[in-house]
Structure formats: C-alpha cells, structure tokens
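In what follows, a single structure is set out as structure tokens and then discussed.
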Amino acid sequence: MANHEGVNNRVAVYPGSFDPVTLGHLDIIQRAAKQYETLIVAVLNNTSKNPMFTIEERKELLEEVTRDIPNVKIDSFRDLLVRFMKSRQAGTIVRGIRSVSDFEYELQMASTNHLLDDEIETIFMMTNPKFSYLSSSIVKEIARFNGDVSELVPPVVQERLAAKGKA
Ligand code: PNS
C-alpha cells in the first residue's frame with residue numbers, strides 16, 4: 001500500500017555489489033520474493049571499487065539465476081540508495097545478516113538511511129546458516145586460485161568465473 005510519500009511497502013529493494021551473486025544472495029532473494037509483491041535486486045554501480053565483473057555482467061548473471069522468480073526485477077543504481085528507492089516507489093530495504101560481525105555495519109547503514117529518509121524501512125533476514133561464512137570476496141579468492149566454487153555459486157556463475165580465469 002502506498003503511503004503519503006508515494007512509496008509502497010510491498011515493493012522491496014535488495015541492494016548490494018553482487019560481484020558476483022552467490023548462493024547466499026540467491027537464498028535471500030528467493031525468501032524475500034515470497035514476502036513482497038515485487039523485489040528489485042539493485043546492483044550498486046560503484047566506480048571506486050575494483051570489481052571483477054562489470055555492472056552489465058553482474059546484472060546479466062542476476063537475471064539468469066532469478067529467471068524463474070516472476071516478481072524479481074534486476075536494476076542498478078549509482079545514487080544514494082534512499083533516492084533510488086523513491087525513484088522506484090519502493091518502501092523497504094532488505095539486507096541479509098550472516099553473523100554478529102555484519103550487524104554493526106548493517107546497523108550503521110540502516111541508521112544512516114533512516115536519517116536520510118524516515119519513510120524507508122530496513123528489514124533484515126538471517127542468512128541460511130549453510131552460507132554464513134560465504135561472501136563474494138571469498139568466492140573470487142577461491143576462483144583466482146582455480147579452486148572449486150560449485151557449492152558456493154550457481155552453475156552459470158561458476159562458468160563465468162572459470163572463463164575469467166582463462167581470459
Ligand atoms: O553488498 P554490499 O557491498 O555490502 O552493499 C552495500 C550497499 C550497496 C547496500 C551500500 O554501499 C549502498 O547502499 N550504497 C549506496 C550509497 C548510499 O546510499 N549510502 C548511504 C547508506 S550507508
């Protein structure tokens with residue numbers, strides 16, 4: 001339902017770097033998609049980081065792995081997250097929390113976003129314990145040394161990581 005600012009709490013945004021998407025991200029996407037009418041997975045287009053995958057590649061991989069979830073949309077942003085939210089009339093930010101160590105950073109981010117725009121709510125989902133140690137950085141580290149990432153990322157991501165290694 002849209003509130004007076006025009007944001008809709010049934011439209012959620014799951015923001016992140018997704019460099020690349022992991023099975024931990026996908027678990028959050030699948031679960032969050034069941035809780036909201038629309039889930040927008042929004043990739044931060046951040047030129048200051050040094051990503052392994054371009055913004056187009058990251059979006060393409062997300063499109064492929066979420067193809068069978070009809071209410072998931074893939075998008076990107078380079079603005080403040082709360083401004084992007086408003087541009088999509090989205091009222092809810094979804095973030096996954098893997099561990100206590102994630103909490104401080106997430107609390108700081110949620111509090112900052114609340115300060116910037118108190119119409120936007122942040123909702124946390126606990127990561128599936130199976131993936132509590134998993135991050136995109138760990139995946140890239142293993143892939144750089146030709147290690148097996150088959151338990152950590154969807155098959156299409158595994159293929160793309162292998163192709164990067166050969167490039
Ligand atoms: O997957 P990540 O890298 O932990 O995601 C971080 C992200 C993209 C959610 C965060 O950096 C972000 O929202 N950046 C956009 C800039 C912004 O709005 N900053 C204010 C909140 S700290």
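Heavy atoms only: backbone and side chains are in, while hydrogens, waters and symmetry mates are out. This is a predicted model, so every value here is computed, not measured. Just so you know, ligand 1 is whichever comes first in the structure, and atom 1 is the first atom listed for that ligand.
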Exercise. Under 4.0 Å between a Lys/Arg side-chain N and an Asp/Glu carboxylate O for E60 and R160?
Worked result: yes
For this session: Report the residues that fulfil side chain to side chain contact (heavy atoms under 4.5 Å, CB included) with R83, sequence neighbours left out, ordered by chain and then residue number.
Result: D79, L80
Exercise. Are S17 and D19 close enough that a side-chain donor and a side-chain acceptor fall under 3.5 Å?
Worked result: no
One pair per line, please: each N/O atom of ligand 1 matched with every protein N/O atom under 3.5 Å away, atom names first, then the distance to 0.1 Å.
residue	atom	partner	partner atom	Å
ligand 1	1 (O)	S17	N	3.1
ligand 1	3 (O)	S17	OG	2.6
ligand 1	3 (O)	K49	NZ	3.4
ligand 1	4 (O)	R95	NH2	3.1
ligand 1	5 (O)	R95	NH1	3.3
ligand 1	18 (O)	L81	N	2.7

Seminar exercise, completed: In short, ring pair (Phe, Tyr, Trp, His ring centres under 6.0 Å) pairs touching residues 71-120 with sequence neighbours left out are F77-F84
Exercise. So which pairs with a foot in residues 126-147 pass ring pair (Phe, Tyr, Trp, His ring centres under 6.0 Å), sequence neighbours left out?
Worked result: none
Problem set entry | Expected output: side-chain E57 to main-chain T54 donor-acceptor under 3.5 Å | yes
